[in-house]
Protein chains: 2
Amino acid sequence: MAEHFYSSEGDALLRAADLRITRPRQAIARVLSEARDHPDADQVLRRARRHDPSISQATAYRTLSVLTESGILRTHTFDGSATRYELAERPHHDHLIDVETGEVREFVSREIEALQARIAAEHGYEIVAHRLELYCRKAG
Amino acid sequence: MAEHFYSSEGDALLRAADLRITRPRQAIARVLSEARDHPDADQVLRRARRHDPSISQATAYRTLSVLTESGILRTHTFDGSATRYELAERPHHDHLIDVETGEVREFVSREIEALQARIAAEHGYEIVAHRLELYCRKAG
DNA sequence: ATAGTTGCAAACGTTTTGCAATGGG
DNA sequence: CCCATTGCAAAACGTTTGCAACTAT
């Protein structure tokens, strides 16, 4: 057990998803729990390989899939480019983007959420997820 | 000029984009001007081939690109799936996406729009554009 | 005439999958 | 032990591109 790394943070993700704890998954989960950005699969793989160089691309994709299905991760697809991942643990929020500076603010509106649910219901649907982005300019 | 089809609707798109009027492009533009859904490149190609079976995939993609760059078309990338196209001229609306079938419904909610404006104002902003997508499943 | 456009096929980047070998519980 | 998990390589997927032939203007 000598040169073994403990990544309780990461392991917690695996346990939450009811996955067997394996070396590749530990490395991947650790990378995710430490990430402060929104890495894509390739970035996750690269970083995970710093901990365990033998990790295959397939395992990275498979682990990301499984963690996403378990609700541990959330994905974003910005404009057709590669899927990016982040921990889903953070509370839900929408984004207000300053089109001039690129600054992003987060907000939640209970009223909007309620209206969304109503609209979905009117169409005979229930909401699985949603995305709301406001592109704004500082008011004159 | 015998069995020639007139697609003034479609041709107008091509002229607006300053493109040479060719048979493949006429078929593609016609399909787009007639579409009531949000077809992806492959669907556009299939439909265009009903008018001109010799159209290649490459031409479909190239025409869609060029029309998009000209501002004639607008694209949507719903959660990692194929890029979908619609005429940019159409009035604003938001989207409800059936996560099981990929079907897209359009909706507008004056209340939500108003709330969005209020939220932006509370942050000292005014809205330039927004995007609202509801990913839904048919209600049990 | 000539620059723009085409079809074909190959290449692309991302993601998925079949398989036999490995390893966690 | 046994089934989940792995690495590998090949395939699948949507999309782009190089090229030589063609065509709208």
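Below, chain A is the first sequence line, B the second, and so on; all start at residue 1.
- Note that NE2 of B:His38 is 11.5 Å distant from CD of B:Gln43, once rounded to the nearest 0.5 Å.
- Taking atom CZ of A:Arg23 as the reference point, atom C1' of D:dA4 lies 18 Å away to the nearest angstrom.
- If you take CZ of A:Arg15 and C1' of C:dG24, they are 14 Å apart, rounded to a whole angstrom.
- The nearest whole Å value for the distance from the CG atom in A:Leu19 to the C1' atom in C:dG24 is 13 Å.
- Neither OP1 nor OP2 of D:dT6 sits under 4.0 Å from any side-chain N or O of A:Ser56.
- Note on B:Ser81: nothing from the nucleic acid sits closer than 4.0 angstrom, heavy atoms only.
- A straight line from CG of A:Asp42 to P of C:dC12 spans 16 Å, rounded to a whole angstrom.
- The side chain of A:Gln57 sits closest to C:dT16 out of D:dA24, C:dT16, D:dG7.
- Following rounding to the nearest Å, B:Leu45 (CG) and C:dT6 (P) show an atom-to-atom distance of 13 Å.
- At a threshold of 4.5 Å between non-hydrogen side-chain atoms, the residues B:Ile112 and A:Ile119 count as touching.
- Dashed line: the shortest gap from a side-chain N or O of A:Thr83 to OP1 or OP2 of C:dT14 is not under 4.0 Å.
- Counting only heavy atoms from C-beta on, A:Arg25 has its side chain closest to D:dT6 among C:dG7, D:dT6, C:dT5.
- The ring of A:His123 has its center no closer than 6.0 angstrom to the ring center of A:Tyr125.
- Regarding contacts with the backbone of D:dT15, a side-chain N or O of B:Tyr61 is found under 4.0 angstrom from either OP1 or OP2.
- One atom, CG of B:Leu14, and another, P of D:dA24, lie 13 Å apart when rounded to the nearest Å.
- For B:Arg62, no side-chain nitrogen or oxygen approaches OP1 or OP2 of D:dT16 to under 4.0 Å.
- The phosphate of D:dT23 has neither OP1 nor OP2 within less than 4.0 Å of any side-chain N or O from B:Thr22.
- In this structure, the CG atom of A:Leu73 is 14 Å from the P atom of C:dT15, given to the nearest Å.
- We find that CZ of B:Arg46 is positioned 13 Å from C1' of D:dG14, with the value rounded to whole Å.
- Taking for each of B:Ala82 and B:Ala58 the nucleotide of DNA chain D with the nearest heavy atom, the 5'-most of the two is the partner of B:Ala82.
- Remark on DNA chain C: of its neighbouring residues A:Tyr85 and A:Ile21, the 5'-side contact belongs to A:Tyr85, judged by nearest-heavy-atom nucleotide.
- The environment of CZ in A:Arg110 is sparse: at most 12 heavy-atom neighbours from other residues, nucleotides or ligands sit within 6.0 Å.
- In this pair, B:His93 and B:His95 present their aromatic rings perpendicular. The plane angle is above 60°, beyond the 30 to 60° band.
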